**Q** 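Structure below; questions to follow.
This one's a predicted model, so the numbers in the text were calculated from it and none came from an experiment.
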Amino acid sequence: MSTGLQNQPEPRKTPAGVWVIVGLGILFALGALGIGAFIAVKSLKEKGENAETPSPSASVKGSPAASAQEAAQPSPSASAEAVTSDAKEQNQMRKEVLTRIDVMKNLSQKEKDELYAQVERARSFSKIAVIPFDTAKVTPTNSQVGDLVKRLQETENKKLLDDPTVVLFFVGYADKQGDESKNQEISRTRAEAVEKALAKSTKINNITHSVGMGGQDLFDKANLVKNRLVEVWAVQP
(Lines give C-alpha, C1' and ligand atoms only; values in the text may rest on other atoms or scores of the structure.)
Protein backbone atom coordinates (compact mmCIF):
# COMPACT_ATOMS: atom_id res chain seq x y z
CA MET A 1 0.00 0.00 0.00
CA SER A 2 1.30 3.42 -0.81
CA THR A 3 0.34 5.02 2.44
CA GLY A 4 1.69 5.39 5.90
CA LEU A 5 0.08 4.75 9.22
CA GLN A 6 -1.62 7.73 10.70
CA ASN A 7 -3.48 8.62 13.85
CA GLN A 8 -6.28 11.16 13.75
CA PRO A 9 -6.87 14.34 15.80
CA GLU A 10 -6.31 14.69 19.51
CA PRO A 11 -9.50 13.67 21.30
CA ARG A 12 -11.55 15.37 23.89
CA LYS A 13 -13.18 12.94 26.20
CA THR A 14 -12.42 9.27 26.53
CA PRO A 15 -10.99 6.14 24.66
CA ALA A 16 -11.20 4.37 20.95
CA GLY A 17 -13.19 4.81 17.78
CA VAL A 18 -15.95 3.55 15.66
CA TRP A 19 -18.89 2.91 17.97
CA VAL A 20 -19.40 6.63 17.79
CA ILE A 21 -20.12 5.98 14.22
CA VAL A 22 -22.60 3.31 15.17
CA GLY A 23 -24.00 5.84 17.54
CA LEU A 24 -24.02 8.33 14.71
CA GLY A 25 -26.23 6.09 12.67
CA ILE A 26 -28.55 5.46 15.57
CA LEU A 27 -29.14 9.06 16.48
CA PHE A 28 -29.33 10.23 12.89
CA ALA A 29 -32.08 7.72 12.35
CA LEU A 30 -33.82 8.69 15.57
CA GLY A 31 -33.64 12.29 14.48
CA ALA A 32 -35.31 11.44 11.17
CA LEU A 33 -32.18 12.47 9.34
CA GLY A 34 -32.40 9.55 6.97
CA ILE A 35 -29.44 7.47 8.15
CA GLY A 36 -30.34 3.81 8.02
CA ALA A 37 -27.74 2.81 10.56
CA PHE A 38 -30.19 2.61 13.41
CA ILE A 39 -31.91 -0.44 12.01
CA ALA A 40 -28.62 -2.19 11.40
CA VAL A 41 -27.16 -1.34 14.78
CA LYS A 42 -30.34 -2.30 16.58
CA SER A 43 -30.41 -5.69 14.89
CA LEU A 44 -26.76 -6.25 15.69
CA LYS A 45 -27.33 -5.39 19.34
CA GLU A 46 -30.23 -7.83 19.47
CA LYS A 47 -27.98 -10.56 18.06
CA GLY A 48 -25.43 -9.84 20.75
CA GLU A 49 -28.05 -10.00 23.47
CA ASN A 50 -29.40 -13.28 22.12
CA ALA A 51 -26.52 -15.44 21.78
CA GLU A 52 -3.77 8.53 1.58
CA THR A 53 -0.16 8.56 -4.31
CA PRO A 54 -3.13 8.38 -6.42
CA SER A 55 -4.07 6.88 -9.68
CA PRO A 56 -4.93 9.65 -12.10
CA SER A 57 -8.47 9.12 -12.99
CA ALA A 58 -11.13 7.82 -10.70
CA SER A 59 -11.49 11.16 -8.95
CA VAL A 60 -14.51 12.84 -10.44
CA LYS A 61 -15.24 16.49 -10.11
CA GLY A 62 -18.07 17.30 -7.81
CA SER A 63 -21.16 19.23 -8.75
CA PRO A 64 -20.95 23.00 -9.28
CA ALA A 65 -22.26 23.31 -5.76
CA ALA A 66 -19.26 21.42 -4.45
CA SER A 67 -16.88 23.62 -6.39
CA ALA A 68 -18.51 26.71 -5.02
CA GLN A 69 -18.34 25.52 -1.44
CA GLU A 70 -14.69 24.53 -1.26
CA ALA A 71 -12.26 27.23 -2.27
CA ALA A 72 -8.99 26.10 -3.83
CA GLN A 73 -6.52 24.78 -1.29
CA PRO A 74 -3.33 22.77 -1.68
CA SER A 75 -4.27 19.24 -2.74
CA PRO A 76 -3.98 16.51 -0.11
CA SER A 77 -2.22 13.27 -0.79
CA ALA A 78 -4.66 11.37 -2.97
CA SER A 79 -3.85 7.98 -1.53
CA ALA A 80 -5.96 6.27 1.10
CA GLU A 81 -4.10 6.55 4.36
CA ALA A 82 -3.99 3.38 6.45
CA VAL A 83 -4.53 3.55 10.18
CA THR A 84 -3.56 0.98 12.75
CA SER A 85 -4.84 0.43 16.23
CA ASP A 86 -3.78 -1.85 19.05
CA ALA A 87 -4.68 -2.27 22.69
CA LYS A 88 -2.49 0.68 23.67
CA GLU A 89 -4.40 2.96 21.33
CA GLN A 90 -7.88 2.04 22.54
CA ASN A 91 -8.17 5.03 24.87
CA GLN A 92 -7.13 7.39 22.12
CA MET A 93 -9.55 5.82 19.67
CA ARG A 94 -12.43 6.07 22.09
CA LYS A 95 -11.58 9.72 22.67
CA GLU A 96 -11.66 10.31 18.93
CA VAL A 97 -15.14 8.86 18.79
CA LEU A 98 -16.30 11.10 21.60
CA THR A 99 -14.77 14.09 19.87
CA ARG A 100 -16.86 13.33 16.80
CA ILE A 101 -19.99 13.10 18.91
CA ASP A 102 -19.23 16.56 20.26
CA VAL A 103 -19.15 18.10 16.78
CA MET A 104 -22.31 16.38 15.56
CA LYS A 105 -24.95 18.91 14.63
CA ASN A 106 -28.65 18.80 15.50
CA LEU A 107 -28.15 16.63 18.58
CA SER A 108 -29.34 17.59 22.03
CA GLN A 109 -27.07 17.15 25.01
CA LYS A 110 -29.27 14.27 26.12
CA GLU A 111 -28.77 12.50 22.79
CA LYS A 112 -25.02 13.06 22.99
CA ASP A 113 -24.97 11.65 26.52
CA GLU A 114 -26.71 8.52 25.22
CA LEU A 115 -24.02 8.15 22.57
CA TYR A 116 -21.29 8.61 25.14
CA ALA A 117 -22.75 5.73 27.12
CA GLN A 118 -22.85 3.51 24.02
CA VAL A 119 -19.23 4.30 23.27
CA GLU A 120 -18.24 3.21 26.75
CA ARG A 121 -20.08 -0.10 26.32
CA ALA A 122 -18.78 -0.94 22.83
CA ARG A 123 -16.44 -3.91 22.55
CA SER A 124 -14.06 -2.48 19.97
CA PHE A 125 -13.41 0.40 17.58
CA SER A 126 -11.08 0.31 14.61
CA LYS A 127 -10.32 3.20 12.30
CA ILE A 128 -9.21 1.36 9.20
CA ALA A 129 -8.32 4.17 6.80
CA VAL A 130 -8.53 7.88 6.04
CA ILE A 131 -9.18 8.95 2.45
CA PRO A 132 -8.39 12.60 1.63
CA PHE A 133 -10.17 14.51 -1.12
CA ASP A 134 -9.03 17.29 -3.42
CA THR A 135 -10.99 20.52 -3.70
CA ALA A 136 -14.48 19.93 -5.14
CA LYS A 137 -13.87 16.19 -5.56
CA VAL A 138 -16.45 13.79 -4.20
CA THR A 139 -15.31 10.38 -5.47
CA PRO A 140 -12.20 8.39 -4.50
CA THR A 141 -9.49 7.53 -7.00
CA ASN A 142 -8.86 3.97 -8.20
CA SER A 143 -5.64 4.00 -6.20
CA GLN A 144 -7.45 4.98 -3.01
CA VAL A 145 -10.04 2.25 -3.46
CA GLY A 146 -7.30 -0.28 -4.21
CA ASP A 147 -5.42 0.73 -1.07
CA LEU A 148 -8.58 0.37 1.00
CA VAL A 149 -9.30 -3.09 -0.41
CA LYS A 150 -5.77 -4.19 0.46
CA ARG A 151 -6.15 -2.75 3.92
CA LEU A 152 -9.34 -4.74 4.51
CA GLN A 153 -7.60 -7.90 3.36
CA GLU A 154 -4.81 -7.58 5.91
CA THR A 155 -4.92 -10.32 8.53
CA GLU A 156 -6.00 -8.14 11.44
CA ASN A 157 -8.83 -6.48 9.55
CA LYS A 158 -9.93 -9.64 7.78
CA LYS A 159 -10.29 -11.38 11.13
CA LEU A 160 -12.30 -8.44 12.44
CA LEU A 161 -14.65 -8.41 9.44
CA ASP A 162 -15.21 -12.16 9.70
CA ASP A 163 -17.44 -11.23 12.63
CA PRO A 164 -20.88 -10.63 11.03
CA THR A 165 -21.89 -8.25 13.82
CA VAL A 166 -19.17 -5.76 12.86
CA VAL A 167 -20.49 -2.76 10.94
CA LEU A 168 -18.41 -0.64 8.55
CA PHE A 169 -19.10 3.08 8.67
CA PHE A 170 -17.94 5.60 6.08
CA VAL A 171 -17.84 9.04 7.68
CA GLY A 172 -17.53 11.97 5.29
CA TYR A 173 -16.36 15.51 6.00
CA ALA A 174 -16.13 18.81 4.10
CA ASP A 175 -14.41 22.04 5.08
CA LYS A 176 -16.35 24.86 6.72
CA GLN A 177 -16.40 27.21 3.75
CA GLY A 178 -19.68 28.11 2.11
CA ASP A 179 -23.25 27.11 2.91
CA GLU A 180 -23.56 24.41 5.55
CA SER A 181 -26.41 22.61 3.78
CA LYS A 182 -24.17 22.23 0.73
CA ASN A 183 -21.28 21.07 2.88
CA GLN A 184 -23.55 18.48 4.47
CA GLU A 185 -24.42 17.18 1.00
CA ILE A 186 -20.77 17.11 -0.07
CA SER A 187 -19.69 15.19 3.04
CA ARG A 188 -22.48 12.66 2.62
CA THR A 189 -21.76 12.24 -1.10
CA ARG A 190 -18.09 11.53 -0.37
CA ALA A 191 -18.94 8.91 2.24
CA GLU A 192 -21.44 7.21 -0.07
CA ALA A 193 -18.99 7.28 -2.99
CA VAL A 194 -16.34 5.42 -0.98
CA GLU A 195 -18.91 2.91 0.28
CA LYS A 196 -20.17 2.20 -3.26
CA ALA A 197 -16.68 2.03 -4.77
CA LEU A 198 -15.60 -0.49 -2.15
CA ALA A 199 -18.71 -2.61 -2.73
CA LYS A 200 -17.88 -2.78 -6.44
CA SER A 201 -14.26 -3.72 -5.79
CA THR A 202 -14.62 -6.48 -3.23
CA LYS A 203 -17.22 -8.60 -1.51
CA ILE A 204 -18.09 -7.48 2.00
CA ASN A 205 -20.56 -9.45 4.08
CA ASN A 206 -20.77 -6.86 6.83
CA ILE A 207 -23.45 -4.22 6.96
CA THR A 208 -22.16 -0.84 5.75
CA HIS A 209 -23.47 2.68 6.26
CA SER A 210 -22.49 6.19 5.23
CA VAL A 211 -22.67 9.27 7.44
CA GLY A 212 -22.12 12.89 6.38
CA MET A 213 -20.71 15.17 9.08
CA GLY A 214 -20.95 18.39 7.08
CA GLY A 215 -18.40 21.20 7.19
CA GLN A 216 -15.77 20.79 9.90
CA ASP A 217 -12.44 22.12 11.12
CA LEU A 218 -12.09 19.10 13.40
CA PHE A 219 -8.78 18.00 11.92
CA ASP A 220 -7.11 21.35 11.27
CA LYS A 221 -8.53 24.81 11.90
CA ALA A 222 -5.91 26.54 9.75
CA ASN A 223 -5.35 24.18 6.82
CA LEU A 224 -8.82 23.52 5.42
CA VAL A 225 -7.61 20.83 3.04
CA LYS A 226 -7.12 18.48 5.98
CA ASN A 227 -10.84 18.54 6.72
CA ARG A 228 -11.89 17.11 3.35
CA LEU A 229 -11.85 13.38 3.90
CA VAL A 230 -13.67 10.16 4.55
CA GLU A 231 -12.87 7.96 7.52
CA VAL A 232 -13.54 4.22 7.41
CA TRP A 233 -14.46 2.76 10.79
CA ALA A 234 -15.23 -0.81 11.87
CA VAL A 235 -17.49 -1.08 14.91
CA GLN A 236 -18.04 -4.12 17.07
CA PRO A 237 -21.20 -3.57 19.20
**Q** Distance from Glu111 atom CD to Gln109 atom CD, nearest 0.5 Å?
**A** 10.0 Å
**Q** Does Ser126 reach the side chain of Leu160, with side-chain heavy atoms less than 4.5 Å apart?
**A** yes
**Q** Are the side chains of Asn227 and Lys176 in contact, using a 4.5 Å heavy-atom criterion?
**A** no
**Q** To the nearest 0.5 angstrom, please state how far the CG atom of Asp134 sits from the CZ atom of Arg228.
**A** 8.5 Å
**Q** Find out whether Leu98 and Glu120 are in side-chain contact, i.e. whether some heavy atom of one side chain is under 4.5 Å from a heavy atom of the other.
**A** yes
**Q** Are Glu96 and Arg100 within salt-bridge range, i.e. N to O under 4.0 Å?
**A** yes
**Q** Answer yes if the side chains of Ser124 and Gln236 hold a donor-acceptor pair under 3.5 Å, and no otherwise.
**A** yes
**Q** Between Phe170 and Leu198, is any pair of side-chain heavy atoms under 4.5 Å apart?
**A** yes
**Q** Quick one: closest heavy-atom pair of Ile128 and Ala234, and the distance?
**A** CD1-CB, 3.8 Å
**Q** Rounded to the nearest 0.5 Å, what's the gap from NZ on Lys112 to CG on Asp102? Could you check?
**A** 5.5 Å
**Q** Are the side chain of Arg123 and the backbone of Pro237 linked by a donor-acceptor contact shorter than 3.5 Å?
**A** yes
**Q** What pair of heavy atoms forms the shortest contact from Ala191 to Ser210, and how long is it?
**A** O-OG, 3.4 Å
**Q** Nearest 0.5 Å, what's the CZ-OG1 distance between Phe133 and Thr141?
**A** 8.5 Å
**Q** Distance check, rounded to the nearest 0.5 Å: Leu168 atom CG versus Glu195 atom CD?
**A** 9.0 Å
**Q** Ignoring hydrogens, what is the shortest heavy-atom contact between Asp163 and Asn206? Give both atom names and the distance.
**A** O-ND2, 3.0 Å
**Q** Quick check for you: to the nearest 0.5 Å, what is the distance between Lys110 atom NZ and Leu115 atom CG?
**A** 13.0 Å
**Q** Which heavy atom of Ala197 sits nearest a heavy atom of Ser201, and at what distance?
**A** O-OG, 2.9 Å
**Q** Counting only N and O atoms by type, is there a donor-acceptor contact under 3.5 Å from the side chain of Asn183 to the main-chain atoms of Gln177?
**A** yes
**Q** Identify the heavy atoms of Ala174 and Ser187 that sit nearest to each other, and give their distance.
**A** N-CB, 3.9 Å
**Q** Can you classify the ring geometry of His209 versus Phe169 as parallel (below 30°), tilted (30 to 60°) or perpendicular (above 60°)?
**A** tilted
**Q** Can you give me the closest heavy-atom contact between Trp233 and Lys127, atom names plus distance?
**A** CZ2-CD, 3.5 Å
**Q** Would you check, one step at a time, whether the test side chain to side chain contact (heavy atoms under 4.5 Å, CB included) holds for Gln153 with Thr202?
**A** CA-CA 10 Å; Gln153 292 173 343; Thr202 188; 4.3 Å; yes
